[in-house]
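The chains referred to below are lettered A, B, ... by the order of the sequence lines, with proteins before strands, and numbering in each begins at 1.
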There are 2 protein chains.
Amino acid sequence: MTTTAARPPTPTLEQVAALAGVSRATVSRVINDSPRVSPAARDAVHAAVEALRYVPNRMARSLVTRRTDTIALVLSESNTQIFADPFFARIVRGLSARLADTELNLVLLAARGGREQEKVARYVQQGHVDGVILISLHRDDLLPDLLARSPVPLVLSGRPFDGRAVPYVDADNVGGAAAATTHLLQLGRSRIGTVAGPLDMVAGLDRLTGYRTALAAAGTPARPELVAEGDFTEAGGSRAMARLLSEVPDLDAVFVASDPMAVGALRVLRAAGRRVPDDVAVVGFDDAEVAASCDPPLTTVAQPLEEMTGALVDLLLEQIGSGGSAVEARLCGTALVRRASA
Amino acid sequence: MTTTAARPPTPTLEQVAALAGVSRATVSRVINDSPRVSPAARDAVHAAVEALRYVPNRMARSLVTRRTDTIALVLSESNTQIFADPFFARIVRGLSARLADTELNLVLLAARGGREQEKVARYVQQGHVDGVILISLHRDDLLPDLLARSPVPLVLSGRPFDGRAVPYVDADNVGGAAAATTHLLQLGRSRIGTVAGPLDMVAGLDRLTGYRTALAAAGTPARPELVAEGDFTEAGGSRAMARLLSEVPDLDAVFVASDPMAVGALRVLRAAGRRVPDDVAVVGFDDAEVAASCDPPLTTVAQPLEEMTGALVDLLLEQIGSGGSAVEARLCGTALVRRASA
DNA sequence: TTGAAAGCGCTAACAC
DNA sequence: GTGTTAGCGCTTTCAA
């Protein structure tokens with residue numbers, strides 16, 4: 001069964017105009033909701049559009065408007081699978097929700113290796129999108145430079161490593177981590193370790209800084225063996241927690257720099273026969289949903305993700321709109337969420 | 001600091017031509033690697049391109065070629081987070097790898113609710129992409145219909161529920177599940193349960209069918225209480241396994257219809273004091289990486305994912321190329337992978 | 001309020 | 001080999 005049916009030709013503005021008995025210009029005005037159209041013409045055009053199942057050709061439109069009404073979320077997953085991170089899923093949901101009532105479309109661009117990153121950069125440079133949101137940046141990531149070459153507006157989720165002038169949105173990771181650690185101090189704990197995030201990411205670094213800051217403020221600076229680096233994943237959290245336990249057997253509290261890591265850490269603690277939170281108090285960071293699924297639920301530092309994704313879009317739209325704008329940064333607060341033990 | 005710098009105008013073919021001292025047509029030929037260009041002209045053009053940092057305008061090109069050189073992977077995650085599924089990450093990796101040496105770009109389109117699905121359908125219909133790959137389909141999914149309205153080629157990962165004439169690629173889920181179950185039978189197990197996949201997905205249904213087929217062939221039809229439905233996630237696997245254990249305490253083997261679910265199931269089994277595989281033998285399905293990370297490593301039914309993603313792309317390209325082609329389906333085999341216990 | 005006409009940047013015949 | 005020309009389908013002045 002070889003169906004070599006030529007694809008049916010898509011109707012054009014021209015044909016709609018002909019059917020409606022008006023000019024192309026008028027059809028265009030109707031399509032674009034121009035107020036300067038008579039009701040009669042409007043109805044005729046709408047009817048013709050329905051009849052022909054007309055859909056505007058985006059390429060033709062973009063060629064003249066120089067807009068694509070599309071923004072890209074670029075996933076620079078030079079590391080492992082960012083997909084698995086619930087934080088990522090929430091970002092996507094948040095962005096989609098924010099864009100739901102707009103004309104803007106969202107596309108995700110995955111860039112793992114160097115070649116893919118260049119391909120993505122080319123895609124952006126060729127004008128497929130009006131703006132780019134870049135997340136999950138690592139220190140040696142090439143994407144910011146690759147993307148900066150093109151005139152397409154760019155915003156980062158997370159402060160850039162170098163102090164480069166790029167708009168970004170970040171959570172108060174230092175403050176959040178300090179709050180978490182202070183909470184543990186107030187519980188009366190004294191041997192407080194941390195399962196840190198990856199130290200080639202600002203979020204990882206900042207949370208470690210917050211942890212250290214709080215300890216230092218309490219007059220009990222962190223000992224090196226109290227810090228175990230993880231990679232924000234559940235498995236990484238398990239590994240780091242195991243290392244921490246073996247090096248500091250009398251650990252009585254731990255600040256875990258992400259919630260997936262906290263889940264892994266908790267598993268290890270329990271397998272080791274430690275009671276949580278009686279023997280070892282745990283505070284997670286990031287994703288309230290993950291932490292809430294623990295039993296007993298974890299005390300957590302939550303990020304205002306809605307606020308962050310909203311700010312990301314706002315920042316980007318600002319730039320797209322004005323065709324250049326003041327470089328801006330938004331720091332979003334964090335909140336310590338204590339949950340009653342089940 | 002308000003930088004209202006107007007964005008620098010992008011250079012056009014025209015300007016390249018002027019600088020290189022040739023016509024637009026010649027520049028176009030060089031850009032598109034036409035053989036009919038003299039070396040001299042080619043060099044001059046390349047030099048001008050470099051000098052001007054010229055990048056072709058995709059919209060203009062697409063308008064005339066009627067190609068965008070972009071295909072979309074549409075994620076119909078009406079359910080929970082498909083992102084978390086390692087299977088999904090592998091699909092993306094596989095597709096990206098397959099497209100690495102081509103001019104084709106890959107974009108991911110996330111469509112959760114009905115509104116987002118319509119937005120995605122509109123995006124496709126407007127001509128942003130040359131073809132669509134649709135994965136993770138549920139029975140009541142509207143996307144196949146929404147996308148079928150547009151003339152854009154579509155291929156499915158997984159057989160469609162209705163027998164509709166859409167090209168698709170599927171693994172031999174029935175055969176794989178049967179092989180898994182037969183393996184357990186050959187181990188001498190007799191009370192073999194299954195943590196099934198979601199029954200509103202063909203993969204879930206087919207794997208359950210394979211399980212039943214194998215049991216029936218052995219003359220020991222499956223009892224209803226031996227089947228617990230999961231949702232392909234780790235947490236779902238845990239829940240289903242717990243249910244299975246409580247209803248069938250003397251269970252001596254279980255076929256788990258996905259590897260993430262197997263990880264969850266394993267956890268429950270061990271927590272319940274069952275030794276694996278001595279007391280309860282487990283076979284997973286899907287993602288060898290996940291299963292290999294277990295200890296001892298799981299016996300697994302593996303899908304030839306490279307083959308599947310390759311076939312998806314091939315099928316799509318075929319359709320794009322000819323502008324209509326025979327509807328085709330590719331069934332990819334599965335393989336039972338036995339791993340030596342650690 | 002509407003239409004005519006120009007043109008966005010590019011490719012693709014078609015001549016030369 | 002190379003240039004000329006004619007559009008691709010749309011938006012947008014500019015007149016009417």
Side-chain angles (χ1 to χ4, degrees), chain A residues 7-46 48-49 52-70 103 125-128 130 150-151 323, chain B residues 7-46 48-49 52-70 103 125-128 130 150-151 323:
Chain A
R7 222 169 292 152
T10 314
T12 70
L13 245 200
E14 183 88 50
Q15 300 171 40
V16 175
L19 183 55
V22 298
S23 72
R24 295 206 311 264
T26 298
V27 177
S28 178
R29 291 190 187 100
V30 173
I31 300 289
N32 295 295
D33 280 322
S34 161
R36 315 184 148 282
V37 183
S38 70
R42 185 177 302 280
D43 292 346
V45 169
H46 278 144
V49 165
L52 263 34
R53 303 176 138 278
Y54 170 73
V55 176
N57 179 320
R58 278 310 312 214
M59 300 307 147
R61 181 190 292 211
S62 292
L63 181 56
V64 39
T65 62
R66 299 179 165 294
R67 286 183 300 102
T68 63
D69 290 329
T70 302
E103 294 282 79
Q125 199 159 7
Q126 290 173 335
H128 278 106
D130 294 338
S150 82
Chain B
R7 221 167 294 151
T10 314
T12 69
L13 246 199
E14 184 88 50
Q15 300 173 40
V16 175
L19 182 56
V22 298
S23 72
R24 296 207 312 266
T26 298
V27 177
S28 179
R29 290 189 188 103
V30 173
I31 301 288
N32 294 296
D33 280 323
S34 161
R36 314 183 147 282
V37 183
S38 70
R42 184 177 304 278
D43 292 346
V45 169
H46 278 144
V49 165
L52 264 34
R53 302 176 138 279
Y54 170 74
V55 177
N57 179 319
R58 277 312 308 218
M59 300 308 146
R61 181 192 292 216
S62 292
L63 182 56
V64 38
T65 62
R66 301 179 163 294
R67 286 182 300 102
T68 62
D69 291 329
T70 302
E103 295 281 80
Q125 200 159 6
Q126 289 173 335
H128 278 107
D130 294 337
S150 82

Open item on the list: At less than 4.0 Å, is any side-chain N or O atom of B:S23 found next to OP1 or OP2 of D:dT2? Yes or no.
Closed with: no

- [ ] Please work out which residues in residues 54-66 of chain B have a non-hydrogen atom less than 4.0 Å from an atom of DNA chain D and list them by number.
- [x] B:L63, B:V64, B:R66

Open item on the list: Rounded to whole Å, please give me the gap between CZ in B:R67 and P in C:dC10.
Closed with: 15 Å

Open item on the list: From CD of B:Q15 over to C1' of C:dG9, roughly how many Å is that when rounded to an integer?
Closed with: 11 Å

Open item on the list: Whole angstroms only, please: what is the CZ-P distance between A:R24 and C:dA4?
Closed with: 9 Å

Open item on the list: OP1 or OP2 of D:dT11 versus the side-chain N and O atoms of A:S28: is any pair under 4.0 Å?
Closed with: yes

Task: Side-chain donor or acceptor of B:S34 paired with backbone N/O of B:N32 under 3.5 Å - done: no

Task: Between CZ on residue A:R42 and CZ on residue A:R29, distance to nearest 0.5 Å - done: 11.0 Å

Task: Close approaches to DNA chain D from residues 29-46 of chain B, in residue order (heavy atom, under 4.0 Å) - done: B:R29, B:R36, B:V37, B:S38, B:A41

Open item on the list: Ignoring hydrogens, what is the shortest heavy-atom contact between A:D69 and A:D130? Give both atom names and the distance.
Closed with: N-OD2, 2.7 Å

Open item on the list: Could you tell me how far apart A:D69 (CG) and D:dC10 (P) are, to the nearest whole angstrom?
Closed with: 15 Å

- [ ] With sequence neighbours excluded, tell me which residues meet side-chain hydrogen bond (donor to acceptor under 3.5 Å, both in side chains) with A:N57.
- [x] none

TODO: Starting from P on D:dT4, measure out to CG on B:L13 and report it in whole angstrom.
DONE: 15 Å

Open item on the list: Please find the pair of heavy atoms, one from A:T12 and one from A:Y54, that lie closest to each other, and give the distance.
Closed with: C-CE1, 3.6 Å

Open item on the list: Under 4.0 Å, counting only non-hydrogen atoms across every strand here, what does B:T26 touch: a base, just sugar-phosphate, or nothing?
Closed with: sugar-phosphate

Open item on the list: Please check this pair: side chain of B:S62 against backbone of B:R58, looking for a donor-acceptor N/O pair closer than 3.5 Å.
Closed with: yes

Task: Spatial distance of atom NE2 (B:H128) from atom NE2 (A:H128) [nearest 0.5 Å] - done: 8.5 Å

